[in-house]
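For reference, the structure discussed in these notes is given below.
Not measured: the values here are computed from a predicted model. Proteins come first, then strands; the chains are lettered A, B, ... in the order of their sequence lines, and each starts at number 1.
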Number of protein chains: 2
Amino acid sequence: MGNIREIAKLAGVSVATVSRVLNHYPYVKEEKRKAVWEAIEKLNYTRNINAVHLSRGKTSIIGIIIPYVNHPYFSTITEGIAAEALRNGYHLLLFQTNYDIKKEIDALEMLKMKQVDGIIICSRTVDWERIEAYSQYGPIVLCEDVKGRNLSSVSIDHYYAFLMGMNYLIKKGHRKIGYCIGRITGTNSKARQAAYQEALKQINERPRPEWIFDQCLYIEDGERVVASLLRMKERPTALLVSSDQVAAGIITFGKNKGLKIPENLAVLSFDNHPISEALNITTIELPLSVMGKKAFHMI
Amino acid sequence: MGNIREIAKLAGVSVATVSRVLNHYPYVKEEKRKAVWEAIEKLNYTRNINAVHLSRGKTSIIGIIIPYVNHPYFSTITEGIAAEALRNGYHLLLFQTNYDIKKEIDALEMLKMKQVDGIIICSRTVDWERIEAYSQYGPIVLCEDVKGRNLSSVSIDHYYAFLMGMNYLIKKGHRKIGYCIGRITGTNSKARQAAYQEALKQINERPRPEWIFDQCLYIEDGERVVASLLRMKERPTALLVSSDQVAAGIITFGKNKGLKIPENLAVLSFDNHPISEALNITTIELPLSVMGKKAFHMI
DNA sequence: GTGAAAGCGCTAACAC
DNA sequence: GTGTTAGCGCTTTCAC
């Protein structure tokens with residue numbers, strides 16, 4: 001392997017010239033350039049990228065903070081970021097946090113340590129103040145509405161999407177409506193809650209806390225929701241579900257338990273992942289992959 | 001921020017001592033250690049990790065080569081790797097390749113450049129020889145059977161799993177059996193094909209190339225399969241499907257088109273992802289997350 | 001226990 | 001166009 005100095009010696013030039021060749025600097029005499037490439041071939045040389053990073057003070061790596069790689073919502077965003085990053089010569093360092101605040105901070109530390117040039121936060125537990133504190137070390141982009149905070153973000157208008165969903169159900173004649181989300185905290189969830197309340201207010205219904213289900217992420221969570229519903233004396237006639245996966249679970253387990261869908265329970269969900277198509281779930285599409293793309297470009 | 005020298009000056013010690021404190025080297029006098037930590041706090045200092053990487057000659061990052069982040073099969077493996085990596089103080093650099101051989105080689109180059117300490121290849125297009133050539137630069141682990149090659153690997157016995165599936169269907173009385181896989185090439189697929197042929201041989205049936213569907217990755221591919229089936233004069237009575245997603249698609253689109261399942265077409269699939277539970281698909285579980293974990297430890 | 005100093009391998013300002 | 005050289009910020013002998 002060797003280093004740049006050996007290449008220089010073998011090619012009969014200076015290390016600076018080797019560096020120039022390596023970085024496609026235009027003004028190098030053709031014969032020297034050739035000599036350098038030959039030496040590189042001969043010694044099977046490759047730059048030590050850590051030295052490059054140190055010297056340049058940047059890495060062309062961006063970090064991505066994500067709670068679960070394995071959930072379609074997040075893997076779709078990741079997909080978008082990954083594709084775009086690669087097209088632009090960037091690499092992706094993956095921080096899977098499980099919403100563990102310590103892991104989130106670890107990731108943020110990587111920005112300070114210059115391990116990454118920037119960070120995209122797909123979803124988080126850590127508070128905004130903390131993030132703002134880290135943004136002095138490099139660009140940070142959130143995938144949520146930051147409400148005029150001094151932070152970059154790209155976001156889907158979950159308030160609007162949820163309101164749309166509510167209105168759709170209301171127009172279908174529903175008045176007793178509940179919903180399912182991943183976490184009760186989180187900006188996106190608060191937007192959804194606000195939309196829920198707003199829509200109910202307009203039809204003079206009061207929100208029903210017992211019809212709000214959180215921790216709904218995967219298909220299996222649908223089972224829990226169905227079980228809860230069956231135990232209630234008064235049930236919602238419709239459910240707005242923030243993930244296709246969960247909707248699929250509710251529909252399937254519901255049917256198993258004798259719930260007629262949509263007669264007993266209408267289900268409207270989000271994301272438009274393939275699973276909804278398979279199950280003929282009515283769903284509202286969210287442009288997640290595009291969001292990932294945009295997030296990358298903001299950085 | 002500053003650097004180690006400033007810390008040394010402020011704490012009244014040498015840079016070596018600062019380094020010792022930073023690396024939790026035991027033999028440093030308590031008072032100096034304290035002075036160093038105070039200086040660190042005061043200057044809000046963090047190590048420049050690139051300098052550490054360069055100096056140490058390693059990065060504690062491992063690369064993961066994966067065709068699509070967004071497919072459950074791969075995101076489950078990634079999940080396993082990510083969880084285990086984090087627990088061991090490693091980070092993950094994600095290379096999403098779309099099976100583009102150039103991107104795979106780029107990723108392998110990162111090993112040579114010392115960007116990563118090792119690489120896990122979840123699925124690949126590039127040939128074994130190439131990979132062997134790169135393994136001089138660091139550990140590489142494949143997630144497939146490497147057939148006695150001089151390469152590390154952790155793999156699921158897809159031959160066995162497929163054979164099990166075939167026998168299950170045969171026991172149910174099926175003789176006209178087809179299958180669906182992601183790619184026709186690839187070691188895992190070849191193992192499946194071998195199992196398919198073997199099982200048919202035992203019941204004196206010949207393989208039917210027209211009943212083999214490749215490029216089956218997502219739910220929507222199920223639609224294509226169903227369409228093909230409907231065009232055939234002679235159809236299989238059962239299908240072994242290498243992904244729950246695709247099975248879900250086949251079942252749903254099949255039902256839409258009036259196919260009775262399982263009466264007209266039995267479907268058996270793999271992976272045991274939640275979607276199969278939702279759709280009551282019979283499925284054979286594959287320990288993907290565990291495989292990811294093991295892959296990490298081999299490195 | 002601690003410090004001086006020699007790297008790690010590259011980039012880039014500067015001089016020619 | 002090209003070479004010299006001073007960093008980049010840290011780790012790690014080696015000597016005391």
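Using a 4.0 Å heavy-atom cutoff across all strands shown, Val18(A) reaches no nucleic acid atom at all. Within the 4.0 angstrom heavy-atom criterion, base atoms lie near Ser19(B). Heavy atoms of Val15(A) sit under 4.0 angstrom from at least one base atom. Counting non-hydrogen atoms under 4.0 angstrom, Asn50(A) reaches nothing in the nucleic acid. Heavy atoms of Arg47(A) sit under 4.0 angstrom from primed sugar atoms or phosphate atoms, though from no base atom.
For the pair Arg5(A) CZ and dG3(D) P, the computed distance is 15 Å after rounding to whole Å. Going from atom CD1 of Ile4(B) over to atom P of dC10(D) covers 5 Å, rounded to whole Å. Rounded to whole Å, the distance from CG on Leu22(A) to P on dC10(C) is 7 Å. In this structure, Ile40(A) atom CD1 and dG9(C) atom C1' are separated by 14 Å, rounded to whole Å. At whole-Å resolution of the value, OH in Tyr27(B) and P in dG3(C) are 18 Å apart. Distance CD (Glu31(A)) to C1' (dG1(D)): 11 Å, rounded to an integer number of Å. Between the P atom of dG3(C) and the NZ atom of Lys9(B) lies a distance of 15 Å, rounded to the nearest Å. Straight-line distance from the CG atom of Asn48(A) to the C1' atom of dC10(D): 14 Å, rounded to whole Å.
Among the nucleotides dC10(D), dG3(D), dT11(C), the one closest to the side chain of Ser14(A) is dG3(D). When each of dC10(D), dT11(C), dT13(D) is scored by its nearest atom to the side-chain atoms of Val52(A), the top-ranked nucleotide is dT11(C). The nucleotide whose nearest atom lies closest to any side-chain atom of Arg56(A) is, among dT11(C), dG9(C), dG3(C), dT11(C). In the set dT2(D), dC10(D), dG9(C), the nucleotide with an atom closest to the side chain of Ser55(A) is dG9(C).
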Side chain to side chain contact (heavy atoms under 4.5 Å, CB included) between Ile105(B) and Tyr134(B), intermediate numbers included: CA-CA 9 Å; Ile105(B) 292 176; Tyr134(B) 276 98; 3.9 Å; yes
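Checked against the 6.0 Å centroid criterion, the rings of His158(B) and Phe270(B) do not qualify as a close aromatic pair. Ring centroid separation for the pair Tyr68(B) and Tyr73(B) does not come in under the 6.0 Å cut-off.
Scanning atom types as modelled, no donor and acceptor separated by under 3.5 angstrom connect the side chain of Arg33(B) and the base of dG1(C).
The pair Glu129(B)-Arg149(B) counts as a salt bridge, with a side-chain nitrogen and a carboxylate oxygen less than 4.0 angstrom apart.
Mapping Lys29(A) and Leu54(B) onto DNA chain D by nearest heavy atom places Lys29(A) closer to the 5' end of the strand. Mapping Tyr25(B) and Ala51(B) onto DNA chain C by nearest heavy atom places Tyr25(B) closer to the 5' end of the strand.
Geometric assessment of Arg192(A) against the ring of Tyr159(A) yields a negative cation-pi assignment under the 6.0 Å and 45° thresholds.
The side chain of Lys32(A) places an N or O atom within less than 4.0 Å of a non-bridging phosphate oxygen (OP1 or OP2) of dG3(D).
Between Tyr45(B) and Ile4(B), the closest side-chain pair of non-hydrogen atoms falls below 4.5 Å.
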